[in-house]
Amino acid sequence: MKRLLFVDDESNILDGIRRMLHADRNRWDMQFALGGEAALRACEAGRFDVVISDMRMPGMDGATLLGHIRDRYPSTARLILSGYAEVKLATRAVAVAYRVLSKPCNGPELQATIERVCTLQDIFCTPEIRLIIGTIGELPSLSKTYEALARAVLGPAVSMADVTDIIEQDVAMSAKVLQIVNSGFFGLAQRVTSLQSAVAFLGMDMIQNLALASDTFKIFIPDPRIPKTFCETMQQSSRRVALIARTLPLDKTVCDVTVMAALLHDVGKLVLASKMPDEFCAALSLMQESGCGQVEAEEQLLGISHAEIGAYLLGLWGINSLVVEAIAHHHRPTRIPHSGFDISAALYVAHLLAHELDVHSSDPQGKELSEYDLARLETLGVLQQFPAFRERALERLNEDANSCTQEIGNNSLR
Ligand SMILES: [Fe+2]
Ligand SMILES: [Fe+2]
């Protein structure tokens with residue numbers, strides 16, 4: 001049973017939460033603490049899986065409390081409840097909380113968030129993932145990006161958009177830029193989730209240094225058995241998922257984060273290909289022999305797939321938890337509850353469209369929607385809109401193919 005600790009300085013609010021989650025008492029062991037000091041005492045007495053704290057409290061506020069909890073009990077997930085007017089406080093909370101929920105929070109939203117946090121926690125606690133992570137150092141990156149950036153930065157009229165475009169093509173570099181911009185080094189209170197604002201923030205020189213550094217630390221040594229085109233194909237196809245994600249009817253913030261998640265979604269494949277080539281090749285052989293998909297092959301051989309591996313690493317790097325979550329579930333979206341057409345759902349749909357339109361080539365299956373896919377789209381509530389999504393995605397892909405053809409002559413997308 002998951003152990004949850006709710007913290008607020010007002011006992012009537014805690015009573016309200018207790019009543020709201022009454023039906024969950026058999027699956028969650030819920031404790032309630034009146035204020036930060038009491039919460040820390042409760043944590044000393046027994047470990048909690050999730051702590052959900054109010055932000056504004058006299059004495060120790062929510063961000064300070066969660067900061068202590070992060071330092072002392074790093075595996076405890078941290079959520080914060082914050083009022084709409086407390087924007088300044090909320091930005092502090094973002095640095096220490098896994099998720100910031102607006103107050104007042106309704107029952108279903110709170111339940112769904114806790115459930116999602118617990119699901120991710122369970123995935124990341126499996127012995128399989130621990131074993132794999134133990135053998136992995138840093139994400140590999142490719143020097144092609146450095147060359148392209150260096151050329152661009154030396155050019156006479158380089159723009160931020162040009163630099164963003166180059167980095168977007170490199171999955172590991174995209175992750176690296178976001179990791180660095182969000183690291184303690186820059187002291188940002190709010191997480192930067194879009195590559196564009198990361199580039200704007202870091203500046204071109206810093207980006208170039210970053211590319212150089214990641215080149216220096218280049219650890220991606222392609223195994224001779226892994227097809228030479230693997231990395232390039234993977235990056236191109238991730239970029240196409242991101243292009244498709246941009247065409248979905250999403251709020252700008254949701255769209256930016258989904259695009260980021262799309263660019264990075266298969267980062268676990270890069271990790272496997274560079275750090276565990278034997279297992280990676282075995283999965284490829286299994287796919288060929290049995291006709292199964294890559295995820296099924298990986299799960300059969302490793303107990304988990306590139307989805308969880310990639311998500312875990314991005315989580316360690318402090319990448320936005322919504323990106324981490326969407327990536328962890330990009331092949332299995334229905335294992336978490338969804339709040340409408342959210343980031344996880346959008347990534348799944350963009351990915352499915354890319355497979356269906358045959359612009360995401362890694363998986364021999366998935367060119368046609370299966371009964372299973374249709375059922376999942378139904379569960380996500382987007383089955384009716386799917387044909388319209390497909391039309392817009394196709395349009396965008398064609399535009400992109402045309403602009404690429406114009407720019408680089410005969411180097412076409414397919
Ligand atoms: Fe994948
Ligand atoms: Fe993929």
Side-chain angles (χ1 to χ4, degrees), residues 120 123 128-129 132 139-140 168-172 174-175 226-227 229-248 257-276 279-280 282-284 286-287 292-315 319 323-336 343-370 372-373 376-377 380 389 393 397 413-414:
L120 207 56
I123 290 172
E128 290 86 359
I129 205 145
I132 286 166
L139 276 188
E168 272 188 356
Q169 319 246 347
D170 186 332
V171 177
S174 304
I226 292 171
T229 52
F230 160 74
C231 269
E232 211 163 311
T233 312
M234 205 211 86
Q235 288 176 55
Q236 277 183 7
S237 61
S238 297
R239 190 171 162 268
R240 274 174 228 141
V241 178
L243 269 182
I244 295 175
R246 275 201 178 120
T247 66
L248 295 172
V257 182
T258 308
V259 164
M260 202 59 241
L263 286 171
L264 298 172
H265 78 277
D266 274 338
V267 83
K269 286 185 189 171
L270 262 188
V271 174
L272 283 174
S274 64
K275 295 294 181 184
M276 301 178 82
E279 290 79 355
F280 186 80
L284 292 184
L286 186 61
M287 284 161 69
C292 69
Q294 191 158 355
V295 170
E296 289 75 16
E298 288 165 355
E299 283 175 350
Q300 209 172 312
L301 294 167
L302 300 164
I304 51 166
S305 79
H306 65 271
E308 294 83 12
I309 296 170
Y312 187 87
L313 272 162
L314 296 172
I319 300 289
V323 170
V324 171
E325 184 181 69
I327 291 175
H329 305 301
H330 78 269
H331 289 278
R332 308 252 184 267
T334 49
R335 65 184 171 195
I336 50 165
I343 294 158
S344 293
L347 175 62
Y348 171 72
V349 169
H351 196 242
L352 195 63
L353 278 167
H355 273 288
E356 199 207 7
L357 299 170
D358 199 18
V359 292
H360 194 60
S361 53
S362 64
D363 203 327
Q365 284 191 329
K367 285 182 187 172
E368 254 172 56
L369 292 187
S370 63
Y372 187 53
D373 294 324
R376 286 199 272 195
L377 289 173
L380 297 175
F389 293 172
L397 287 167
L413 262 179
R414 299 274 300 267

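Count residues from 1 along the sequence. Remember, it's 1-based here, ligands and their atoms both numbered in the order they're listed.
If you look at His330 and ask which of its N, O or S atoms sits nearest the Fe ion (ligand 1), the answer is NE2. The closest approach of Asp266 to the Fe ion (ligand 1), by N/O/S atoms, is made by OD1.
Atom CG in Leu272 sits 10.5 Å away from atom CG in Asp266 (nearest 0.5 Å).
Side chain of His330 to backbone of Ile327: a donor-acceptor contact under 3.5 angstrom is found.
Put simply, His265 stays out of reach of the Fe ion (ligand 1), with no N, O or S atom under 2.8 Å from it. Using a cut-off of 2.8 Å, one finds that His306 contributes an N/O/S atom close to the Fe ion (ligand 1).
A 4.5 Å side-chain heavy-atom check between Ile343 and Glu325 finds every atom pair outside the cut-off.
Ring pair His306/His331 is perpendicular by interplanar angle, where above 60° counts as perpendicular and below 30° as parallel.
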